[in-house]
Amino acid sequence: MAQQTPVGRVEPVWREWMERWPTPAALAAATPGDVVRAWGRLGYPRRALRLREAAVVVVERHGGELPPDEEALRALPGVGTYTAAAVAAFAFGRRSVVVDTNVRRVLARAVEGRALASPSLTAAETRLAASLVPDDPATSAVWNVAVMELGALVCRARTPECGACPLADVCAWVAAGSPPDDGPPRRGQAWHGTDRQVRGALVQVLREGEHPVPRPLLEDEVLTRLGLDARQHAAQVERCLASLVEDGLVEPVPGPVGPDGPDGPDGPGGEAFRLPA
DNA sequence: GAGACGTGGCA
DNA sequence: TTGCCAAGTCT
């Protein structure tokens, strides 16, 4: 849940989630629609599907208990290098190299003297992080969480609190006078009218209602909510809806066949959509 | 390896 | 207000 999402926003959803599905077996028994709905507005709802899929794999291949080694964790849907390392360290006390956005920023500043880490994780950063993690497993886990928390709470991206930082005395960035980022300007993600926005709105509409929504209603609702011109964006909404079905986030159901038959007012293609059962 | 993939809060 | 950014992963 916390992947690319501030922990403070995750916490309430996480609490409800864990109460409803306390074990992998419980989560594995949920439907995709259940988890997408419970995911709420955390964003990237495919993470909800993957989390459920991971629970299924845990039940089928690991006896219902999370495996402790990084390789097995990494094999679970939605679990990448960072998450596998974090779980191995924080849940199982294993020695691992946890490199998240916070760790990357702390090392970029303290060691390399730069204001921000590069846009994407490099092999050199991973090597640097690995070289700093203590050998002893228990100590390494403390190191990993400490560097992460330092980045999250003190060595923040936009408002670092160097006056409260335990590394200030040895920080290369502070020593250099805290120079601004020298990299190329970061590309802000366009949003209005993007597929991302349209997909989000489609899922949002379906999450709000309990019943399948006929295609025309669904598409009109999304266009209206986003303030998009139907003539310009109708095809886009169609395409996004298809992509959501492809992703397993949305399920088509046959529309009611009226007195005019399947090719009546709602047809052809007069089906409805819902979150997957 | 670049690009896709949501959402909301804060400066 | 606009833009940045958040415990990344997958293709």
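In what follows, every chain begins at residue 1, and chains take the letters A, B, ... in the order their sequences are listed.
- With rounding to whole Å, Asp247(A) atom CG is found 14 Å from dA4(B) atom P.
- Checked for salt-bridge contact, Arg46(A) and Asp247(A) meet the test: a charged N lies under 4.0 Å from a carboxylate O.
- Rounded to an integer number of Å, the gap from NE2 of His192(A) to P of dT1(C) is 16 Å.
- Taking a cutoff of 4.0 Å between a charged side-chain nitrogen and a carboxylate oxygen, Glu210(A) and Arg274(A) do not qualify as a salt bridge.
- Separating the CZ atom of Arg158(A) from the P atom of dA6(C) is a distance of 8 Å, rounded to the nearest angstrom.
- Taking atom P on both nucleotides, dA7(C) is separated from dA4(B) by 23 Å, rounded to a whole Å.
- Regarding Glu149(A), its CD atom lies at a distance of 14 Å from the P atom of dA6(C), rounded to whole Å.
- Under the 4.0 Å criterion applied to side-chain N and carboxylate O atoms, Asp195(A) and Arg239(A) are assigned as salt-bridge partners.
- Between Leu202(A) atom CG and dT7(B) atom C1' there is a gap of 16 Å when expressed in whole angstrom units.
- Side-chain contact of Arg104(A) with Ser118(A): a donor-acceptor pair under 3.5 Å is present, judged by distance alone.
- Applying the 4.0 Å criterion to OP1 and OP2 of dA6(C), one finds that Gln4(A) has every side-chain N and O outside that range.
- Of the side-chain N and O atoms in Arg207(A), one or more sit less than 4.0 angstrom from OP1 or OP2 of dT7(B).
- Between the CG atom of Leu121(A) and the P atom of dG8(C) there is a distance of 11 Å, given to the nearest Å.
- Going from the C1' atom of dT11(C) to that of dG1(B) covers 11 Å, rounded to whole Å.
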If you apply the rule side chain to side chain donor-acceptor pair (under 3.5 Å), what do you find for Glu65(A) with Thr23(A), and how did you get there?
CA-CA 8 Å; Glu65(A) 292 192 25; Thr23(A) 65; over 6 Å; no

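- You won't find any donor-acceptor pair under 3.5 Å spanning the side chain of Thr5(A) and the base of dG8(B), going by distance alone.
- Comparing the C1' positions of dT9(C) and dG9(B) gives an interatomic distance of 24 Å, to the nearest angstrom.
- Atom CD in Glu11(A) sits roughly 16 Å away from atom C1' in dA6(C) (whole-Å rounding).
- We find that CH2 of Trp191(A) is positioned 7 Å from C1' of dT7(B), with the value rounded to whole Å.
- Within a heavy-atom distance below 4.0 Å of DNA chain C, the residues of residues 77-111 of chain A found are Pro77(A), Gly78(A), Val79(A), Gly80(A), Thr81(A), Tyr82(A), Thr83(A), Asp100(A), Thr101(A), Asn102(A), Arg105(A).
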Could you go through Tyr44(A) and Arg50(A), starting from their C-alpha distance and side-chain angles, then the distance that decides it, and tell me whether this counts as side chain to side chain donor-acceptor pair (under 3.5 Å)?
CA-CA 11 Å; Tyr44(A) 297 137; Arg50(A) 294 189 185 124; over 6 Å; no

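- Contact check on Arg215(A) versus Glu219(A) returns a salt bridge, with a Lys/Arg side-chain nitrogen under 4.0 Å from an Asp/Glu carboxylate oxygen.
- Contacts between residues 42-56 of chain A and DNA chain C, defined by a heavy-atom separation under 4.0 Å, are made by Arg50(A).
- Glu161(A) and Arg156(A) are joined by a salt bridge, as a carboxylate oxygen and a charged side-chain nitrogen come within less than 4.0 angstrom of each other.
- The residue Arg156(A) sits apart from the nucleic acid: no heavy atom pair falls under 4.0 Å.
- Under 4.0 Å is where a charged nitrogen must lie from a carboxylate oxygen, and between Arg225(A) and Glu221(A) at least one such pair does.
- We find the CG-CH2 distance between Leu226(A) and Trp191(A) to be 8.5 Å, quoted to the nearest 0.5 Å.
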